[in-house]
Amino acid sequence: MVLQGYPSPGEGLRLHLNENTGGCSARVLDAIRHARPNDVSAYPQYREVVDATARYFGVDPDWVLLTNGLDEGILMAAVAHIAKARVHDAETIIPQPAFDPYPNSTAAVGAKAVWVPPGPDYAFPTQAVIDAVTPRTRLIFLNTPNNPSGQLIDPDDLARISDAAPHAVVLIDEAYIEFGGTTFLPRLHRHPNVLLGRTFSKAYGLAGLRVGVVIGQAQALDPVRSVTLPFNINGIAMTAVQAALADTQFLPRYAAQVEESRKLVYAACERLGLKYWPSAANYVMVQVGDTAPFVSAMAARQIHVRDRSKDPTTPGCIRMTAGILSHTIRAIEALDSVMAKRQA
Ligand SMILES: Cc1ncc(COP(=O)(O)O)c(C=O)c1O
């Protein structure tokens with residue numbers, strides 16, 4: 001049986017899904033508490049939130065599509081540009097390691113995934129991605145910073161790929177860009193084939209409410225809007241997004257903690273002789289060797305991390321969220337204890 005969602009890891013600190021470990025802004029909860037009965041009984045209205053989101057990102061509202069998490073945006077991009085376009089021999093290009101919804105959405109619309117392996121230490125394989133472009137390429141999934149490696153793609157390389165595949169749509173997934181790196185946003189007006197993906201799940205702490213944003217010019221975005229169901233996001237989530245956008249202090253505070261947390265994780269890895277990759281996101285990928293006993297030993301200490309070893313490009317690796325400092329300190333205590341037991 002295929003279960004809906006992911007199984008609960010049980011009690012303990014959730015450091016396995018790159019969520020905001022500090023929760024959402026208090027202003028978001030306050031706005032939800034003040035919802036009126038008709039905010040629930042009426043179908044949701046999106047115009048105001050689309051306008052607020054567009055102002056926030058400094059783009060025209062016509063360039064903005066709110067989705068049920070960026071996950072929905074990824075699937076709908078594939079539906080619009082492959083399934084609805086009735087392209088039967090379509091290919092998508094997926095640089096590795098990759099976020100699962102890219103191959104899953106590719107498969108859902110009957111397209112073929114063309115995988116591109118990473119360079120040394122997960123350096124982004126720009127030329128290999130360009131070399132993989134064919135007349136059948138319809139979608140190219142680029143993720144900066146990369147989940148799980150935390151590596152960035154140079155905006156010049158993103159532009160080169162977009163220019164090399166004008167017949168395809170390039171989806172630049174910036175789900176974690178608030179934690180480091182330079183957004184492609186200011187360059188979007190020169191790239192009509194680019195869709196930029198953002199989310200309120202990570203830096204803004206709204207993963208449970210499911211709101212993502214796809215930003216792009218009409219050529220790339222209108223087909224996606226046309227296949228997206230009219231009431232795709234619930235009204236309470238819209239209230240939450242308005243409040244999250246209004247709380248300008250929440251994000252910088254959390255991002256500062258993430259930066260400190262990453263440094264603590266790096267220091268712990270260096271002390272313990274574990275290989276890690278410096279990350280621009282709110283998580284760090286660490287090579288621990290035999291992952292299954294490591295992940296269970298951490299879980300026994302109430303720290304849940306993600307096993308990434310099934311991906312052939314990340315053997316022996318786990319990924320751990322680096323969020324609120326006190327949580328990271330607890331995670332490092334568990335890491336120390338697991339490693340001490342291993343050496344005993
Ligand atoms: C790279 C990447 N893109 C997109 C998402 C989807 O985010 P959401 O659907 O919660 O907006 C995630 C979530 O883990 C992610 O890691």
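Both counts, for ligands and for their atoms, begin at 1 and track the order of listing. FYI, side chains are in, hydrogens and waters are out, and symmetry mates aren't considered; it's all heavy atoms of this structure.
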Q) Quick one: do Asp222 and Arg225 make a salt bridge, cutoff under 4.0 Å? A) yes
Q. Heavy-atom contacts under 4.0 Å between Leu70 and ligand 1: side chain, backbone, both, or neither?
A. both
Q: Could you find the nearest protein heavy atom to atom 16 (O) of ligand 1 and give me its residue, atom name and distance?
A: Tyr176 OH, 2.6 Å
Q: Scan side-chain atoms only and decide if Arg306 and Asn18 contain a donor-acceptor pair under the 3.5 Å cut-off.
A: no
Q) Against heavy atoms of Asn143, which atoms of ligand 1 measure under 4.0 Å? A) 1 (C)
(Q) Regarding Arg330 and Glu333, does a basic nitrogen lie under 4.0 Å from an acidic carboxylate oxygen? (A) no
Q: Among all protein heavy atoms, pick out the one at the shortest distance from atom 10 (O) of ligand 1; state its residue, atom name and that distance to 0.1 Å.
A: Ser201 OG, 2.6 Å
Q: Using a strict 4.0 Å cut-off to heavy atoms of Gly69, name the atoms of ligand 1 that fall inside it.
A: 8 (P), 9 (O), 11 (O)
Q. Ion pair present between Glu72 and Arg210, side-chain N to carboxylate O less than 4.0 angstrom?
A. no
(Q) Below 3.5 Å, N or O to N or O, backbone or side chain included: is there any such pair between Phe99 and ligand 1? (A) no
Q: Note the single closest protein heavy atom to atom 6 (C) of ligand 1, along with its residue, its atom name and the distance in Å.
A: Asp71 OD1, 3.2 Å
**Q.** Lys202, any N or O under 3.5 Å of ligand 1 N or O
**A.** yes
Q) Between Lys275 and Asp121, is there a salt bridge with N-O shorter than 4.0 Å? A) yes
Q. Of all the atoms in ligand 1, which lie at a distance below 4.0 Å from a heavy atom belonging to Arg210?
A. 8 (P), 9 (O), 10 (O)
Q. Parallel under 30°, tilted from 30 to 60°, perpendicular over 60°: which one fits the rings of Phe141 and Tyr102?
A. parallel
Q: May I ask you to check whether Tyr276 and Tyr266 place their ring centers less than 6.0 Å from one another?
A: yes
Q. Has Gln45 got more than 12 heavy atoms of other residues, nucleotides or ligands less than 6.0 Å from its CD?
A. no
Q. Could Asp51 and Arg47 be called an ion pair, given the rule that one side-chain N must be under 4.0 Å from one carboxylate O?
A. yes
Q: Just jot down the ligand 1 atoms closer than 4.0 angstrom to any heavy atom of Ala175, in number order.
A: 2 (C), 3 (N), 4 (C)
Q) Is the closest heavy atom of Glu72 to ligand 1 under 4.0 Å? A) no
Q. Can you find an N or O of Asp173 that's nearer than 3.5 Å to an N or O of ligand 1?
A. yes
Q. Do NZ/NE/NH1/NH2 and the carboxylate oxygens of Arg160 and Asp163 come within less than 4.0 Å?
A. no
Q.
Looking at ligand 1, is there an atom of it that comes within less than 4.0 Å of some heavy atom belonging to Phe200?
A. no
Q. Can Asn18 be said to touch ligand 1, with heavy atoms closer than 4.0 Å?
A. no
Q: Please confirm whether Tyr102 comes within less than 3.5 Å of ligand 1 when only nitrogen or oxygen atoms on both sides are compared.
A: no
